[in-house]
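Structure record follows, encoded as structure tokens.
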2 protein chains.
Amino acid sequence: MLSKKTQYAFHALVHLAENMDKGPVLISEIASEKNISIKFLENILLELKNAGILGSKKGKGGGYYLLKQPKEIAMARIIRLLDGPIALLPCVSLNYYERCDNCKDEAVCGLHDVMSRVRDASLKILENKTLKDIITK
Amino acid sequence: MLSKKTQYAFHALVHLAENMDKGPVLISEIASEKNISIKFLENILLELKNAGILGSKKGKGGGYYLLKQPKEIAMARIIRLLDGPIALLPCVSLNYYERCDNCKDEAVCGLHDVMSRVRDASLKILENKTLKDIITK
DNA sequence: AACTTAGTCTATCTTTTATATAGGATTTAT
DNA sequence: ATAAATCCTATATAAAAGATAGACTAAGTT
């Protein structure tokens with residue numbers, strides 16, 4: 001399962017994408033709209049900003065906004081950023097690979113095979129679906 | 001990611017499947033073979049036993065053994081038992097569904113759609129692949 | 001220039017979950 | 001009876017998740 005952090009991030013990004021034309025959006029607006037703790041959301045948006053996905057403007061009239069078009073932001077990117085690996089096992093992760101301590105030879109591990117297939121099936125969707133695909137407007 | 005518990009369970013089940021002909025297998029044998037803490041593994045095997053997947057025999061000559069043929073034990077079953085939902089979001093889980101607090105109407109939620117597809121793609125594999133498919137012998 | 005608004009940043013807190021360990025009780029083969 | 005093994009419950013520990021606090025900085029407004 002995705003962490004709350006990532007779930008909230010998606011909902012916030014959807015809100016930002018749906019309101020791209022209106023300039024910077026207040027954290028508080030997103031929080032109340034999506035029913036998220038404002039302070040927790042603040043941390044999440046900051047993380048998205050530091051990752052180059054969002055921009056922000058301080059002071060009156062400030063807020064957060066998307067730095068790219070929604071169609072440029074793939075779901076997989078957000079998940080990896082906030083949750084880490086998409087794969088079910090570390091030994092099968094493309095971006096966060098770790099050797100398997102429980103198996104003598106990954107090349108001969110049937111578990112490895114099946115989990116690689118699950119990863120590929122998931123990635124095929126998550127790499128290709130973007131924010132644009134999940135906004136309602 | 002799958003929890004260590006589930007990862008260990010898979011490795012243990014593979015070992016049991018590969019040694020079905022030899023009668024009950026010692027926890028300690030599995031633990032040392034797969035490099036798992038013996039006490040932690042004990043709890044896991046017990047849970048698998050209580051779920052009707054394994055049988056056990058106490059005392060000398062005792063140990064754990066599979067109650068079904070490897071081909072009868074689907075990966076999805078083990079994951080759900082030890083880790084819970086396979087879906088990435090609670091609002092998209094078939095077996096552990098929970099309403100989404102951040103969205104006004106799940107029927108119109110694009111996130112819901114994409115995550116349902118990921119779930120289906122994963123399940124297609126995990127429901128059909130069994131222990132038999134991941135053993136090496 | 002002062003004021004207000006809003007994000008920045010870091011630290012901390014609490015709760016939950018994951019992981020692991022301990023040890024006595026029970027069962028079974030010999 | 002003894003030794004070997006699982007059973008079972010409790011607990012410890014560590015890590016992660018989730019949430020909160022508050023002082024700081026930047027930008028616009030008056």
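Any value given below was found using the heavy atoms of this structure, including those in side chains, with hydrogens, waters and symmetry copies removed. Keep in mind the model is a prediction, meaning the values are calculated, not measured. Letters go in sequence order (proteins before strands), and every chain restarts at 1.
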Exercise. Any salt bridge between B:K5 and B:E47, counting N to O under 4.0 Å?
Worked result: yes
Problem set entry | Note, B:V14 side chain near A:L111 side chain (heavy atom, < 4.5 Å) | no
Problem set entry | Gap between atoms CG and P, on A:L82 and D:dA16 respectively (whole Å) | 15 Å
For this session: Using heavy atoms to find the nearest nucleotide of DNA chain C for A:N43 and A:L26 separately, return the residue whose nucleotide is more 5′.
Result: A:L26
Could I get a table of every N or O pair under 3.5 Å where one atom is in the protein and the other is in nucleotides 28-30 of chain D?
unit_1 : atom_1 : unit_2 : atom_2 : d
D:dG28 : OP1    : A:K57  : NZ     : 3.2

For this session: May I have the distance from B:K49 (atom NZ) to D:dA5 (atom P), rounded to whole angstrom?
Result: 17 Å
For this session: Send over the distance from A:Y65 OH to C:dG7 C1', rounded to a whole Å.
Result: 11 Å
Exercise. Think A:S37 has a side-chain N or O under 4.0 angstrom from the OP1 or OP2 of D:dT20?
Worked result: yes
Exercise. Is B:L45 touching bases, backbone alone, or none of the nucleic acid, heavy atoms closer than 4.0 Å?
Worked result: nothing
Exercise. Could you give the CG-to-C1' distance, from A:N35 to D:dG18, as a whole number of Å?
Worked result: 15 Å
Exercise. Does B:K39 make a side-chain donor-acceptor contact with the base of C:dG23, cut-off 3.5 Å?
Worked result: yes
Exercise. Hey, is the side chain of A:E42 pairing donor to acceptor with the base of C:dC9 inside 3.5 Å?
Worked result: yes
Exercise. Which residue pairs satisfy the salt bridge (charged side-chain N to carboxylate O under 4.0 Å, His left out) criterion with at least one member in residues 25-40 of chain B, sequence neighbours excluded?
Worked result: A:K104-B:E33, B:K39-B:E42
For this session: Return the value, rounded to whole Å, for the distance between atom CE of A:M1 and atom P of D:dG18.
Result: 9 Å
Exercise. B:H11 has an atom NE2; how far is it from atom P of C:dT19, in whole Å?
Worked result: 13 Å
Exercise. Hey, any chance B:Y96 and B:L88 share a hydrophobic cluster, counting ILVMFWY side chains that come within less than 4.5 Å of each other, even indirectly?
Worked result: no
Problem set entry | Separation of A:L16 CG from A:L131 CG (nearest 0.5 Å) | 9.0 Å
Problem set entry | Whole-Å distance separating the CD1 atom of A:I36 from the C1' atom of D:dT20 | 16 Å
Exercise. Do A:L126 and A:L81 sit in the same hydrophobic cluster, where Ile, Leu, Val, Met, Phe, Trp and Tyr count as joined when their side-chain heavy atoms come under 4.5 Å apart?
Worked result: yes
Exercise. Given side chains that start at C-beta, do those of A:T130 and A:E72 come closer than 4.5 Å, heavy atoms only?
Worked result: no
Exercise. Side-chain N or O of A:Y8 less than 4.0 angstrom from OP1 or OP2 on D:dG18?
Worked result: no
Problem set entry | Cluster check B:L94, B:I78: I/L/V/M/F/W/Y, side chain < 4.5 angstrom | yes
Exercise. In residues 92-100 of chain B, which ones come under 4.0 Å of DNA chain C, going by heavy atoms?
Worked result: none
For this session: Quickly work out the B:E29 CD to D:dA4 C1' distance and round it to whole Å.
Result: 15 Å
Exercise. Going from OH on A:Y8 to CG on A:N35, what distance comes out if it is rounded to the nearest 0.5 angstrom?
Worked result: 8.0 Å
Exercise. If you check the B:F40 side chain, which of C:dA20, D:dT6, D:dG18 turns out closest?
Worked result: C:dA20
Exercise. Going by an N to O cut-off under 4.0 Å, is there a salt bridge joining A:E127 and A:R80?
Worked result: yes
